[in-house]
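Hydrogens, waters and symmetry mates are skipped; everything else that's a heavy atom, side chains included, is used.
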Amino acid sequence: MDVYGIMKQKFLEMIDLNGLGSERIRITATPLTPEEAIGNPEDRDYPLLKGKERIMEAEFRGARGHAFTDMYGDFSGTLVEVAEMALKNNFRRAIFISSLNALMRYIGKADRTVHCKDQSPPRCARELVSYIEKRFGRGARIAMAGFQPRMVEALSGRFDVRVTDMDPDNTGKTRFGLLVRGPDQTAENLSWADICLVTGTTVTNGTIVDFLIEKPTIFYGVTIAGAAVLLKLRRFCPLAE
């Protein structure tokens with residue numbers, strides 16, 4: 001599936017259908033500080049607070065859209081320029097995805113496009129446990145792609161979980177009783193699992209196509225808000241704004 005081609009086409013269609021193509025409206029995107037993005041949570045082991053990733057925030061007519069990325073910077077351009085941008089790296093994809101989220105928020109096609117803060121992540125993790133138990137049962141085997149500490153902490157005591165991550169600071173380490181493996185283990189984990197729990201950041205780092213499989217898959221987070229609607233993906237992000 002050409003996911004970015006589909007999203008670009010839909011982006012342009014939304015601009016046209018809402019009469020936004022001819023206006024001299026500009027969309028701006030800028031990286032947020034960790035405190036702006038996640039506030040002041042009690043736990044300090046989130047990637048945002050460790051400086052591994054930042055959130056790009058795009059704003060369009062007061063509507064905001066977020067996207068996690070490890071490549072960030074400032075950008076200003078028209079909606080059409082964003083929609084037609086060559087998505088050649090994580091920075092360009094983050095601009096595109098955050099802008100898509102802002103546009104879809106503005107026209108009412110997507111919600112929960114702004115990252116939750118402070119003590120919301122632990123609550124989100126507890127809700128995730130209930131969400132999975134209710135839909136898949138307590139015996140579900142979970143392959144998690146992307147180390148989200150509160151989710152791993154909550155899931156590890158209730159399910160059989162395998163975790164992979166791209167951050168070398170996590171891979172090969174034991175977190176909450178689970179060994180975090182590198183991305184070379186992902187395919188095997190997906191084959192083993194009953195359900196897959198995948199970070200929405202895959203849509204900015206370009207690996208999302210690896211997770212569009214014939215198996216129940218849950219994408220979590222704000223990054224994938226708009227893409228989940230356009231690509232009809234299951235998304236979990238109950239406490240985002």
Side-chain angles (χ1 to χ4, degrees), residues 3 31-34 37-38 41-56 66-72 87-94 97 115-116 121-122 124-126 128-129 132 136 140-213 215-224 227 233-237:
V3 295
L32 299 180
T33 67
I38 200 172
E42 181 178 352
D43 298 294
R44 310 302 292 177
D45 55 354
Y46 299 99
L48 279 172
L49 297 178
K50 294 165 64 179
K52 293 294 183 179
E53 294 179 324
R54 296 280 287 275
I55 283 181
M56 287 283 285
H66 284 181
F68 274 83
T69 182
D70 60 355
M71 293 180 66
Y72 39 84
L87 306 180
K88 58 186 179 181
N89 55 38
N90 290 359
F91 174 59
R92 297 292 172 178
R93 282 188 289 268
I97 293 298
H115 198 276
C116 64
C124 173
R126 293 191 296 270
L128 177 63
V129 171
I132 292 176
F136 303 101
R141 296 184 299 185
I142 303 172
M144 186 172 184
F147 176 74
Q148 206 286 350
R150 298 292 74 74
M151 289 184 176
V152 173
E153 183 178 24
L155 293 170
S156 62
R158 306 291 287 271
F159 300 95
D160 193 357
V161 183
R162 294 183 182 180
V163 185
T164 57
D165 196 60
M166 299 181 73
D167 184 351
D169 285 350
N170 291 325
T171 56
K173 308 292 195 313
T174 299
R175 308 293 193 202
F176 308 108
L178 298 176
L179 177 64
V180 181
R181 302 294 296 271
D184 58 320
Q185 185 71 23
T186 298
E188 182 177 329
N189 287 2
L190 296 181
S191 177
W192 162 85
D194 298 311
I195 63 174
C196 308
L197 182 63
V198 181
T199 173
T201 309
T202 52
V203 79
T204 52
N205 68 25
T207 63
I208 187 173
V209 293
D210 297 334
F211 302 97
L212 302 179
I213 59 178
K215 184 169 287 192
T217 302
I218 305 164
F219 290 89
Y220 66 85
V222 294
T223 305
I224 203 159
L233 305 175
R234 189 195 305 258
R235 175 191 176 216
F236 181 85
C237 193

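With values rounded to the nearest 0.5 angstrom, R54 atom CZ is found 12.0 Å from D70 atom CG. In this structure, CG on L233 lies 5.5 Å from CD1 on I224, to the nearest 0.5 angstrom. With values rounded to the nearest 0.5 angstrom, M71 atom CE is found 10.5 Å from M56 atom CE. If you take NZ on K215 and OG on S191, they are separated by 5.5 Å, rounding to the nearest 0.5 Å. Rounded to the nearest 0.5 angstrom, L128 CG and I142 CD1 are separated by 7.0 Å. With rounding to the nearest 0.5 Å, the separation of OG1 in T204 from CZ in R92 is 15.0 Å.
With sequence neighbours excluded, the residues satisfying side chain to side chain donor-acceptor pair (under 3.5 Å) with N205 are T207. Residues passing the salt bridge (Lys or Arg N to Asp or Glu O under 4.0 Å) test with R141, sequence neighbours excluded: D194. Residues meeting the side-chain contact (heavy atoms from CB on, under 4.5 Å) test with V209, sequence neighbours left out: V3. Considering only residues two or more places apart in sequence or on other chains, A193 meets the side-chain contact (heavy atoms from CB on, under 4.5 Å) condition with A143. Residues satisfying the side-chain contact (heavy atoms from CB on, under 4.5 Å) criterion with T217, sequence neighbours excluded, are C196, V198, I213, F219.
Judged by distance alone, the side chain of H66 and the main-chain N or O of V222 form no donor-acceptor pair under 3.5 Å. Here the side chain of E53 pairs no donor or acceptor atom with the backbone of I55 at under 3.5 angstrom.
By the 4.5 Å heavy-atom criterion applied to side chains, F211 and L190 are counted as neighbours.
Nearest heavy-atom pair across P122 and R150 is CG-CD, 3.9 Å. Scanning both residues, P216 and F136, for their nearest heavy atoms gives CB-CE2, 3.8 Å. Pairing each heavy atom of F176 with each of P149, the nearest pair is CE1-O, 3.4 Å.
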Could you give the side-chain donor-acceptor pairs of residues 158-165 under 3.5 Å, partners two or more places apart or in another chain?
unit_1: R158; atom_1: NE; unit_2: E133; atom_2: OE2; d: 3.4
unit_1: R158; atom_1: NH2; unit_2: E133; atom_2: OE2; d: 2.7
unit_1: T164; atom_1: OG1; unit_2: T186; atom_2: OG1; d: 3.1
unit_1: D165; atom_1: OD1; unit_2: F147; atom_2: N; d: 2.8
unit_1: D165; atom_1: OD2; unit_2: D167; atom_2: N; d: 3.1
unit_1: D165; atom_1: OD2; unit_2: N170; atom_2: ND2; d: 3.1

Q.
Would L155 and V129 count as a side chain to side chain contact (heavy atoms under 4.5 Å, CB included) here? Give the steps.
A. CA-CA 6 Å; L155 293 170; V129 171; 4.0 Å; yes
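Under 3.5 Å, the side chains of N90 and R93 contain a donor-acceptor pair of N or O atoms.
The only option from L197, L178, T199 that meets the side chain to side chain contact (heavy atoms under 4.5 Å, CB included) definition with M144 turns out to be L197.
Sorted by first and then second residue, the salt bridge (Lys or Arg N to Asp or Glu O under 4.0 Å) pairs with a member in residues 178-191 form an empty list; sequence neighbours excluded.
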